[in-house]
Number of protein chains: 2
Amino acid sequence: MVVLESKDLRNAGLKVTIPRLKILEILETNSEEHMSAEDVFRALLESGDDIGLATVYRVLTQFETAGLVTRHNFETGHSVFELAKGDHHDHMVCVDSSDVVEFTDPVIEQRQHEIAEEHGYELVDHSLVLYVRKK
Amino acid sequence: MVVLESKDLRNAGLKVTIPRLKILEILETNSEEHMSAEDVFRALLESGDDIGLATVYRVLTQFETAGLVTRHNFETGHSVFELAKGDHHDHMVCVDSSDVVEFTDPVIEQRQHEIAEEHGYELVDHSLVLYVRKK
DNA sequence: CTAATTGCAAAAGCTTTGCAGCGCA
DNA sequence: TGCGCTGCAAAGCTTTTGCAATTAG
């Protein structure tokens, strides 16, 4: 199932180029949901596409700005990206197996807005990661 | 009020050295609660203490391992440290000014446990950062 | 045609590391 | 005294940037 395509690039004000389409394709077809720029770069090489690492970084950043992908900064020392599937979700990471479970909770979402308001701010974004262990 | 001192270093298996005491002092007296290694380094220079940046990094990492300080990885491209005061709290970071506000919310804390349970896990730890903008 | 995009290599930040000398216990 | 610690400089990593060549619209 194709999530994003040429028209999405055009709608984002980006020219439809080979590198951008290839990177989109990698993000859509890769089994690994969260990919670093390096990951994408290597996947491209394996597909026989010779695209510079700098371009991967530039394109991913543009995609992020356009809202096509989401950037996460876990504590790994590098960013990881995932296709923006429209729905927001948080992550639960198992400290033993490294399994990742996605979830959303309306109560928490609600409170986050309230808390920001209470301090005179408006909520722009948030990052919530639960570190858990199988019982 | 002094939070940490020589004996805490000894208890952590660390020798009591000038650099470690000075860094501890900076962390305790600085008005800015969250300091990067650079921040600590510059504060030391201003105090007339000539301590290498590499040492600051090494000491902060040791302090983190010893549980004396907590390291946070916000989306700023560098780590920030704060004295471990025992109490847990989350952070709100202003995307414009980089100001950091600490908070805790019982409702969110509660829900986190419940969510983990609902998925068959037990909550070990968590990281929540709200990115906000002044209204 | 021409403004946007790319590739390459160089540079930029942050952080770590190797090593010789210094200092705490 | 002996091992840990420090300073300095060099190296490592991820990410960004300058610039000439290339390409989409």
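Here the structure is a predicted model, which is why all the values come from computation and not from measurement. Letters A, B, ... mirror the listed sequences (proteins, then strands); counts begin at 1.
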Would you tell me if any nitrogen or oxygen in the side chain of [X] comes within less than 4.0 Å of OP1 or OP2 on [N]?
| X | N | answer |
| --- | --- | --- |
| A:Thr17 | D:dA24 | no |
| B:Ser79 | C:dT15 | yes |
| B:Ser36 | C:dC14 | no |

Length of the [atom1]-[atom2] vector between [X] and [N], whole Å:
| X | N | atom1 | atom2 | answer |
| --- | --- | --- | --- | --- |
| A:Lys15 | C:dA3 | NZ | P | 10 Å |
| A:His78 | D:dT15 | NE2 | C1' | 12 Å |
| A:Tyr57 | D:dC13 | OH | P | 13 Å |
| A:Arg20 | C:dG7 | CZ | C1' | 14 Å |
| B:Phe63 | D:dC5 | CZ | P | 11 Å |
| A:Arg10 | D:dA24 | CZ | C1' | 11 Å |
| A:Leu60 | D:dT14 | CG | C1' | 13 Å |
| A:Ile18 | C:dG7 | CD1 | P | 11 Å |

Given C:dG7, C:dT15, D:dG7, the nucleotide with the shortest approach to the side chain of A:Ile51: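 Nearest listed nucleotide: C:dG7.
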A:Glu122 and B:Lys134 ion-paired at < 4.0 Å: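 No, no charged N to carboxylate O under 4.0 Å.
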B:His34 side chain to B:Asp39 side chain, donor-acceptor N/O pair below 3.5 angstrom: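 No - no donor-acceptor pair under 3.5 Å links their side chains.
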B:His126 versus B:His113, side-chain donor and acceptor atoms under 3.5 Å: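 No, no side-chain donor-acceptor pair sits under 3.5 Å.
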Given DNA chain C, 5'-ward residue of the pair B:Phe81 and A:Leu14, judged by closest heavy atom: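 Final value for this comparison: A:Leu14.
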DNA chain C: 5'-proximal contact among A:Thr55 and B:Arg71 (nearest heavy atom):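 Closer to the 5' end of DNA chain C: A:Thr55.
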Mutual orientation of the aromatic rings belonging to B:His72 and B:His89 [parallel < 30°, tilted 30-60°, perpendicular > 60°]: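 Taking B:His89 first and then B:His72, their aromatic rings sit tilted (interplane angle of 30° to 60°).
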Mutual orientation of the aromatic rings belonging to B:Phe103 and A:His119 [parallel < 30°, tilted 30-60°, perpendicular > 60°]: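 Ring orientation of B:Phe103 relative to A:His119: tilted.
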Sugar-phosphate only, base, or nothing, as touched by B:Arg58 at under 4.0 Å among non-hydrogen atoms: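 B:Arg58: base contact, heavy atoms under 4.0 Å.
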